[in-house]
Amino acid sequence: MDLKYSDEERAFADEVRAFARAELDPAVRDRVLNHKRLGKEDFLGWHRKLHSRGWVAPNWPTTYGGCGWNAVNRYIHEEVLAEEGAPPLVAFGVNMIGPVLIAFGSDAQKQYYLPRILSGEDWWCQGFSEPGSGSDLASLRTKAVLDGDHWVVTGQKTWTTLAQHANLIFCLVRTDASVKKQEGITMLLIDMNTPGVTVRPIITIDGEHEVNEVFFDDVRVPKENIVGEPGKGWTYAKFLLSHERSGIARVGQAKRELRRLKEIAAAEMVDGVPLIETKTFREKIAAVEIDLMALELTNLRMIAAEKSGQAPGAEANMLKIKGSEVQQNLTELLMEAVGPYALPFNPDALEPGWNGEPIGPEYAAPLAGTYFNYRKVSIYGGSNEIQRNILSKSLLGL
Amino acid sequence: MDLKYSDEERAFADEVRAFARAELDPAVRDRVLNHKRLGKEDFLGWHRKLHSRGWVAPNWPTTYGGCGWNAVNRYIHEEVLAEEGAPPLVAFGVNMIGPVLIAFGSDAQKQYYLPRILSGEDWWCQGFSEPGSGSDLASLRTKAVLDGDHWVVTGQKTWTTLAQHANLIFCLVRTDASVKKQEGITMLLIDMNTPGVTVRPIITIDGEHEVNEVFFDDVRVPKENIVGEPGKGWTYAKFLLSHERSGIARVGQAKRELRRLKEIAAAEMVDGVPLIETKTFREKIAAVEIDLMALELTNLRMIAAEKSGQAPGAEANMLKIKGSEVQQNLTELLMEAVGPYALPFNPDALEPGWNGEPIGPEYAAPLAGTYFNYRKVSIYGGSNEIQRNILSKSLLGL
Amino acid sequence: MDFSLSETQRMLAETTDRLVRERYGFEDRKKILAGPDGFSRPMWATFAELGLTGLGIAEEHDGLGGTMGDMAVVAETFGRALVVEPYLPTLVLGAGPLGLAGSDAQKSEILPRVVSGELFLALAHGEPKSRYTLCHVDTKAAADGGDFLLTGAKAVVLGGDAADYFLVSARTDGTTSAPHGISLFLVPRSVPGLAIRAYPNIDGTRAADLVLDRVRVPASAVIGQAGHGLPTIAHTIDRAIAYLCAEAVGAMQALNALTLDYLKTRTQFGQPIGAFQVLQHRMVDMEMALEQARSMAILAADRADDPHPHERARAVSAAKVQIGRSGRMIGQCSVQMHGGIGITDEYAGGHYFKRLTLIDRTFGDADHHLARFAAAA
Amino acid sequence: MDFSLSETQRMLAETTDRLVRERYGFEDRKKILAGPDGFSRPMWATFAELGLTGLGIAEEHDGLGGTMGDMAVVAETFGRALVVEPYLPTLVLGAGPLGLAGSDAQKSEILPRVVSGELFLALAHGEPKSRYTLCHVDTKAAADGGDFLLTGAKAVVLGGDAADYFLVSARTDGTTSAPHGISLFLVPRSVPGLAIRAYPNIDGTRAADLVLDRVRVPASAVIGQAGHGLPTIAHTIDRAIAYLCAEAVGAMQALNALTLDYLKTRTQFGQPIGAFQVLQHRMVDMEMALEQARSMAILAADRADDPHPHERARAVSAAKVQIGRSGRMIGQCSVQMHGGIGITDEYAGGHYFKRLTLIDRTFGDADHHLARFAAAA
């Protein structure tokens, strides 16, 4: 047993870290570290830098311009970048539709879309959830009817992350209502600029615009924009979700937030003593740090198993649950750390380039909002209740 | 709103307290406070003292020798005695079969059994649970067949508390297997000395003998020992369980244990400081104390509602859940308080009159065992899961 | 022992219930928040008409009198409706200490105009570095002739956006954390040297940060005895906490009701999600958390004016711990069971969650009050 | 990065697994506990035959060598079977510090006889008032000619019932809690002035309290350098914690397996109770608690001999916290889901619960190690 990275792995981590430190725009890094708003260009600028280094798609085979890395290197790449404050890779292209197209897409689709994902030319979003279909995804009702050379799509998607930036959406639509609900679903690729597509922002309780509703009103989609075969959409979606798992525990991000928490707790004073030196708060930090240590090791154990050829299985659901708990715990402690300064609402302060006078310490502005916002991480991508249902069946046979 | 007892209520509490202090054998009180073993005579001696004061049956009408008190006085009586270290009233006669006989028993049964319950001449135990019927009580299989003037009973009961002291048992038995499971159940009163009744001790992980299995092997029970009508046993059992609720939160006992916890935590030293003055432990005690304050007030609110004529409803299930949590929390902290001295197993030290040299501080001997034993309080009388199922249905309509 | 409402309380409950039912729905509230002040002056006028702005103020100053228990009835209703008008700042944090310690002149000048709905008040006590420590006061009051010159900064002053008068704490003596030497001053909004930065809080209430630069006030502006302001402030904050506890109970009750309704109406996998046992049990736990919180809120209101500060502190801190924990549990579980909708701005649930979260951050969080309770035990 | 077992470890796992499967079932264990010693000397002889009593002991003293990771493999199996023989006391707490700091003479005298299965050892360090504080030593070692006279009391000495030799800590210098001045002595059981009170622990392991009244030992009995015993003791306790973490993982794994089996076979309301969602989710949480504990147990074993005491302490304390919390959660949930049967003496489940509970009480509970970790952060 050897809990340390090999020399090669360590060298690779150093290389990734050096790259991030050299190439990451300090202003963007600052926005990530301080929970400020990220603009489309913040994501894309970094995406293009990764692209020029050939590091956009760790999980794609080299044939398609990916890195073809093993599980350990993929993990190192993702965690080190997160720790360094790089914006998250917009996953919808690289980690979601990309692998689906590689596995099931037509040659034309691969040739057209994959390079545009790598270059950042296309911004994808995901059209799965609907107002009536959250945990019970397969009950979705957006329908598509073949009319000559086009699918005509009608319905509504929701929780569509960053759809305001996207020019493409991959959608699950119902093409056959006469069969079992999972069997009547088809996956379509839709240009967001097609007439009849409307995006409506959903504002969350932190005042931010991150998710959207997307309406389809007799939207005509070229027949060839189907992925694979009609009625197989559910299979592709399950494939996609199983490929979304790399870095699902978000250990790198959590380490970054833990560091930030310690900084803030060192700056906040209680009766003349730094908050981090008070027994209660210090031990709350210690408790989440231990949770995170355990999570990281559990993650590494699973990565190592994957590297040695075992397919990622039920363990990914565990990482999702524990990862979300650690993240939520951290955002909650960050909010607690600033005491009464959790109250003021100053969304302007999150805007890049804002130069106003902060209310209280500068770091306080985003913290309550982030806490509220991060309740989502135990909901999206299959709520923790759904994860436990899955584990109960797949891992325990209950 | 007035959160304080009225003058009359306070005077009554003082009277109960004075009685306990004057009449309770100090040796018995010491055994209760220090979690030592209680013998049959410890229970009975105290029972007889209460009887001579007319205070055995707060919940019975005066016609039958009860106190006929309202909910508040019943509560005061029970909680003050518990706080003072009186042995718990053995509930099976007074609180369980007594009210059932008063409501549904024949005149002969009332005349024979009720005075003997009050005087302590009879010790009842309860024959409900079976090895295959725990949470799903109605699935019980012990059967009784009428044979001339006798019921012939065959089967097994389990978790029978203090059956080793009992001379009588009230049993749920199946008398009709052809109807819905709840409708084929009958309640019988059985003399434990009847041939074919066998009691086998169940030893719990603290090494104690508190519960038993009771086997019935063609036990002949006089026909008239049926309660009410055949097939109505389930109704009587539900009635009985709803009357078991007085003092279900065990606030008085919890206050007594909290006091004990504070004493022990004041005696234990950590790096030269009493444990109770260390921030972590002090605040753990504070947290359970607050829980207990809230529980007591919630209990009083429900008692007050009951006094003003509202029947005790779903609230009793809440008190059961929260009460068990507080009790378990206290036993856990008591064990934690003694640190490494939680390890030694010295059951002799729990015996009345034991004069040996203690291992470590004298108070340590029962604590780990009590913690293990008290896991039962969230299991017996309907597990907390069952309580939540009931609340979900009755209170929330889910 | 009697947990039923008094006649006055029943009337207050009915009046405020009807008011919020008819005029303070979630959509009404949205409009109020979008208005220029972030709260509604007409609504405040209605509060005055209904006598709510006279609660806790002595009859000789045109008030209705009344106990903290009476105010708690209003607080609970306001919690259910997420009322954003500065009722706590004006009545509890402002009129409260004036009634407790103010001079006859101060009371006669201010309190009738509070009752009439004319004035808003705010307590400017917390400071940028004070966190939850009440004796931490850096703002200085320097004697200057017969006047005082106040210099310092005050942070997150609830209702400070609208206040016509501030009750400002400042040191006439002692070092930063000394319990003695703190005085309380009545300071009009328009006084020279007072800079006010008003802002909304993330839960829709409003506050302000103040900077005082040699703000001149006369000796007659001292509330109570100079140098002995801390007991009044501590008592006031304990009363405010009792108010917040009752408000939180209202919010929890409303949020539980919303959540239960959602469990019954939202269907997934062909059945209402309330059919899933895990959600059923969690909802039961939320109801238990509410009942425990309600018990402690009752206790806090009952003890908020207890003549023994030690008893008062114990009860109020215990209640604040319970409310913090119950509110957190109910808020988090409610969002989780709602799924995404629970954190959208257009749904009421998330707003209760925010309010409950910020109540825990106000006047000391659960950790702070657990330590205070443990120290007082 | 490689989490797979080494060849040695795989062999150890197979050997010990087979042994406990064949000879250490729950009924076998009951008989062992009922025997005169409360453990089995023939079983110990088998350990010796299999080489287990040579683990961690250098080859020059007839041992097999091996790391803490190797011992952890044994510990995990022993945890699964609830082995009560004094392996931890003899190998980790006894042979461990002798190997670390003992003189050649001491090692040559003792260690080969440990390997052969002839000797039991015990570390007599904790005292009636020391709780979990390692530097708290009141027992005095007074120089007397070339000898030392040891006087004091030692509490809950694991394996003290059977030990042939004790490693006794005593002060040659300093006041009660001084880190310096603690020495470690090798003391044979039969020495005059040593009173031993042996007893079972509630989990089936055994211990003793010692009273030393002017126990005379020669200067050659000092293990390592006089006055500098604490680092050796601290290192030893950290190794023992790493062992306990692995043992706890074995116990948790076995208890989870029992519980899962019960969920699948116990029927109520016409279905296996594992069909109830609340129990399903709780079982999932127990599996997660086990995985997190396993990760930290691996870390503790890896770092137990880390050359940087600070790194070692951080990792070991973090692991002990995790094991304490996971063990508590798994133990309590398992009992709850079993119902009454879970706390009967005749069912294995409750015995795992007891062992896990007492592991949390041994060498510092979760609170103690959380504070130690936080202080070292």
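Since we're looking at a predicted model, the values are computed, not measured. Residue numbers start from 1 in every chain, and the chains themselves are labelled A, B, ... in the order their sequence lines are given, proteins ahead of strands.
For a residue to count as touching a neighbouring chain, one of its non-hydrogen atoms must lie under 4.5 Å from one of that chain's; by this rule C:Ala371 touches chain B with backbone and side chain alike. Both the backbone and the side chain of B:Leu391 come within contact range of chain C, judged by heavy atoms closer than 4.5 Å. Interface remark: C:Arg325 contributes side-chain atoms only to the contact with chain B (heavy atom separation under 4.5 Å).
Ranked by heavy-atom pairs shorter than 4.5 Å toward chain C, the options B:Leu300, B:Asp291, B:Ile285 are led by B:Leu300. Taking chain B as the reference chain and counting heavy-atom pairs below 4.5 Å, the highest number among C:Ser6, C:Ser4, C:Gly69 is found for C:Ser4. Most heavy-atom pairs under 4.5 Å with chain B, from the set C:Leu263, C:Val321, C:Ile298, C:Leu279: that is C:Ile298. Note: B:Glu289 leads B:Glu289, B:Glu385, B:Glu9, B:Lys307 in heavy-atom pairs under 4.5 Å with chain C. Each of B:Lys262, B:Lys322, B:Lys279 has some count of heavy-atom pairs under 4.5 Å with chain C, and the biggest count is that of B:Lys322. Put simply, of C:Gln322, C:Gln9, C:Lys264, the one with the most heavy-atom pairs under 4.5 Å next to chain B is C:Lys264. Most heavy-atom pairs under 4.5 Å with chain B, from the set C:Ala301, C:Ser317, C:Ala318: that is C:Ala318.
Rounding to the nearest 0.5 Å gives a distance of 6.5 Å between OG of B:Ser392 and NE2 of C:His281. Note that the CE atom of B:Met293 and the CZ atom of C:Arg314 stand 5.5 Å from one another [nearest 0.5 Å]. Put simply, CD1 on B:Ile290 and NZ on C:Lys320 are 12.0 Å apart, with the number rounded to the nearest 0.5 Å. The distance from the CG atom of B:Leu3 to the CG atom of C:Asp302 is 4.5 Å, given to the nearest 0.5 Å.
B:Glu283 is not listed as a side-chain neighbour of C:Asp367, based on a closest heavy-atom distance of 4.5 Å or more. In this structure, the side chains of C:Gln277 and B:Asn389 come closer than 4.5 Å at one or more pairs of heavy atoms. At a threshold of 4.5 Å between non-hydrogen side-chain atoms, the residues B:Met318 and C:Glu287 count as touching. Within the 4.5 Å cutoff, the side chain of B:Leu395 has no heavy atoms near those of the C:Val284 side chain.
Nearest heavy-atom pair across C:Leu370 and B:Ala287 is CD1-N, 3.8 Å. Closest approach of B:Ala286 and C:Ala374 over heavy atoms only: CB-CB, 3.8 Å.
In the displayed structure, C:Arg18 atom CZ is contacted under 6.0 Å by at most 12 heavy atoms of other residues, nucleotides or ligands. Counting heavy-atom neighbours within 6.0 Å of C:His308 NE2, excluding the residue itself, gives a total of 12 or less.
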Verify salt bridge (charged side-chain N to carboxylate O under 4.0 Å, His left out) between C:Glu291 and B:Arg301, making sure each step is shown before the conclusion.
CA-CA 10 Å; C:Glu291 289 306 321; B:Arg301 283 168 52 214; 2.6 Å; yes

Using side chain to side chain contact (heavy atoms under 4.5 Å, CB included), reason through B:Thr298 and C:Arg294 one step at a time and then give a plain yes or no.
CA-CA 8 Å; B:Thr298 306; C:Arg294 185 186 293 285; over 6 Å; no

